[in-house]
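Each remark here refers to the structure printed beneath this line.
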Amino acid sequence: MVFEIRPARPADAVGVAQVWAAVMPHLVKSARAIETELRGGHSRVILLAVDGPDVVGYSNLYLPEAGAAGARVRITVQVPPAQRKRGIGSALLTAISAEAVTAGAGRLLVAVADDDDSKAFADKRGFALGRRMSHAAADLREAREPVAPPAGLRLTTYDDLEPRQVFDAEIQVRDDDPSGFSGGPAYDEWVKVSWNNPDIRRDLSFAVLDGDRVPSFVTTTADPDRGVIWSNLTGTIPSDRGRGLAKVVKSHALAAARDAGFVTASTGNDAGNAPMLAVNQWLGYRTTSGAWTAEKAL
């Protein structure tokens with residue numbers, strides 16, 4: 001049967017989750033979380049390749065801000081290995097690129113897996129590789145004992161925070177991510193699709209507090225069936241960097257996950273982010289795979 005390209009619907013959540021599991025198994029991305037995104041999100045265009053009842057490919061476009069003519073926009077194109085060489089990736093890229101042009105974008109930014117076929121696919125379609133990225137995993141049975149926060153600061157989990165406290169810190173961190181992949185929606189949508197993401201474990205997500213302000217945090221998603229956690233975003237706001245706060249929050253998150261019975265912690269990083277890579281190495285993470293940023297002018 002010939003596949004077709006169409007917009008995603010909430011009923012597609014199971015199929016989309018299967019695509020992500022086949023392409024990036026280190027992520028924590030359940031069908032429930034994807035359905036939440038599809039119901040509550042409006043800052044992305046999501047197109048699927050479907051073959052009868054089966055989802056055989058996924059793509060998305062993060063829409064530019066209103067009035068941002070010629071902006072660089074993030075896209076994603078994912079095709080499970082078993083479905084490749086059918087033209088699915090090319091069809092999805094063509095369709096999502098057309099959506100980007102309609103939205104007024106001037107450049108595309110995408111992550112390309114660090115394998116010969118993926119890099120050749122990107123090169124053939126005019127993308128230039130940029131920054132190296134890495135994926136890493138740690139054995140939680142060997143998790144270090146957590147680091148205490150500096151004097152005058154206190155540690156807490158997301159269970160004791162208001163969403164606005166985390167959001168205000170997150171926007172300061174995600175906007176200066178050198179890879180360009182940590183952007184996110186405005187507050188109201190963020191509450192629906194991120195704060196209320198069913199995969200988030202607030203008891204395993206930690207923040208350092210200075211009064212009511214969050215200088216550093218780690219957001220943890222978890223898959224109890226596989227015993228895996230994913231550090232969705234770890235960050236320290238620029239004014240508080242150099243104090244070891246990322247090591248504090250992440251060491252507590254990994255120790256708490258270990259104590260809750262999880263066995264593997266996974267994460268992703270820009271390979272040029274030396275401070276965070278040093279923290280992860282100290283925590284026991286070891287590189288498992290890589291990827292590249294890639295860009296193309298429209």
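- Applying the side-chain hydrogen bond (donor to acceptor under 3.5 Å, both in side chains) rule to W195 yields no partners; only residues at least two apart in sequence or on another chain are considered.
- Between R241 and P275 the shortest side-chain heavy-atom distance does not fall below 4.5 Å.
- With sequence neighbours excluded, the residues that form a side-chain contact (heavy atoms from CB on, under 4.5 Å) with A105 are V73, A100, L298.
- In this view, F262 satisfies the ring pair (Phe, Tyr, Trp, His ring centres under 6.0 Å) rule with no residue, not counting sequence neighbours.
- In plain terms, the two heavy atoms of S90 and R125 that are nearest each other are OG-NH2, 2.7 Å.
- T264 approaches A137 most closely through the heavy-atom pair CG2-CB, 4.2 Å.
- The backbone N or O of T157 lies less than 3.5 Å from no partner atom in the side chain of R202, so there is not a single donor-acceptor pair.
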Steps toward side-chain contact (heavy atoms from CB on, under 4.5 Å) verdict (Q165, D212): CA-CA 8 Å; Q165 292 172 278; D212 292 328; 4.1 Å; yes
What verdict does the side-chain contact (heavy atoms from CB on, under 4.5 Å) test give for F121 and L93, after you've listed the backbone C-alpha separation in whole Å, the side-chain angles of each residue and the deciding distance to 0.1 Å? CA-CA 11 Å; F121 178 94; L93 178 59; 4.2 Å; yes
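- The shortest non-hydrogen separation linking L48 to L92 is C-CD2, 3.8 Å.
- The salt bridge (charged side-chain N to carboxylate O under 4.0 Å, His left out) check on R213 picks up D210, D240, with sequence neighbours excluded.
- Interatomic distance, OG1 of T220 versus CG of D199, reported as 12.0 Å (0.5 Å rounding).
- Judged as a salt bridge (charged side-chain N to carboxylate O under 4.0 Å, His left out), and not counting sequence neighbours, the contacts of D203 are R201.
- Each side-chain hydrogen bond (donor to acceptor under 3.5 Å, both in side chains) pair with one or both residues in residues 92-109, not counting sequence neighbours, appears once here: R107-E295.
- Every residue two or more places apart in sequence or in another chain that forms a side-chain contact (heavy atoms from CB on, under 4.5 Å) with S251 is listed here: P146, V147, W282, L283.
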CA sep, side-chain torsions, deciding dist, call: R132, D114, side-chain contact (heavy atoms from CB on, under 4.5 Å): CA-CA 9 Å; R132 175 115 166 102; D114 189 22; 2.9 Å; yes
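- Looking at residues two or more places apart in sequence or on another chain, you find no side-chain contact (heavy atoms from CB on, under 4.5 Å) involving A98.
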Would you check, one step at a time, whether the test side-chain hydrogen bond (donor to acceptor under 3.5 Å, both in side chains) holds for H135 with S289? CA-CA 5 Å; H135 303 129; S289 61; 3.0 Å; yes
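- Judged by distance alone, with hydrogens and angles left aside, the side-chain atoms of R174 form a donor-acceptor pair with the main-chain N or O of G184 at under 3.5 Å.
- Considering CZ of R44 and CZ of R74, their distance stands at 8.5 Å, rounded to 0.5 Å.
- Salt bridge annotation for R86-D51: present, with a cationic side-chain nitrogen under 4.0 angstrom from a carboxylate oxygen.
- In terms of the side-chain contact (heavy atoms from CB on, under 4.5 Å) criterion, residue partners of T287 (sequence neighbours excluded) are, by chain and number, S134.
- Counting heavy-atom neighbours within 6.0 Å of D159 CG, excluding the residue itself, gives a total above 12.
- Checked against salt bridge (charged side-chain N to carboxylate O under 4.0 Å, His left out), K192 has no partners two or more places apart in sequence or in another chain.
- Interatomic distance, OG of S43 versus CG of D188, reported as 12.0 Å (0.5 Å rounding).
- Within the 3.5 Å criterion, the main-chain N or O of V56 finds no donor-acceptor partner in the side chain of D54.
- Atom OH of Y158 and atom CG of L204 lie 11.5 Å apart (nearest 0.5 Å).
- Taken from CZ in F206 to OG1 in T234, the straight-line distance is 12.5 Å, to the nearest 0.5 Å.
- The pair E37-K29 counts as a salt bridge, with a side-chain nitrogen and a carboxylate oxygen less than 4.0 angstrom apart.
- Formation of a donor-acceptor pair under 3.5 Å by the T36 side chain with backbone atoms of V193 is not found in this model.
- Residue L254 comes nearest to A143 through the heavy atom pair O-CB, 4.3 Å, listed as atom of the first residue, atom of the second, then distance.
- Residues satisfying the salt bridge (charged side-chain N to carboxylate O under 4.0 Å, His left out) criterion with D168, sequence neighbours excluded, are R164.
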Is there a side-chain contact (heavy atoms from CB on, under 4.5 Å) between F217 and L233 once you walk through the steps? CA-CA 8 Å; F217 63 91; L233 182 61; 3.9 Å; yes
Using a 3.5 Å cut-off and no angle test, enumerate the donor-acceptor pairs between side-chain atoms of residues 4-28 and protein atoms at least two apart in sequence or in another chain.
| unit_1 | atom_1 | unit_2 | atom_2 | d |
| --- | --- | --- | --- | --- |
| R6 | NH1 | D12 | OD2 | 2.9 |
| R6 | NH2 | D12 | OD1 | 2.9 |
| D12 | OD2 | R9 | N | 2.7 |

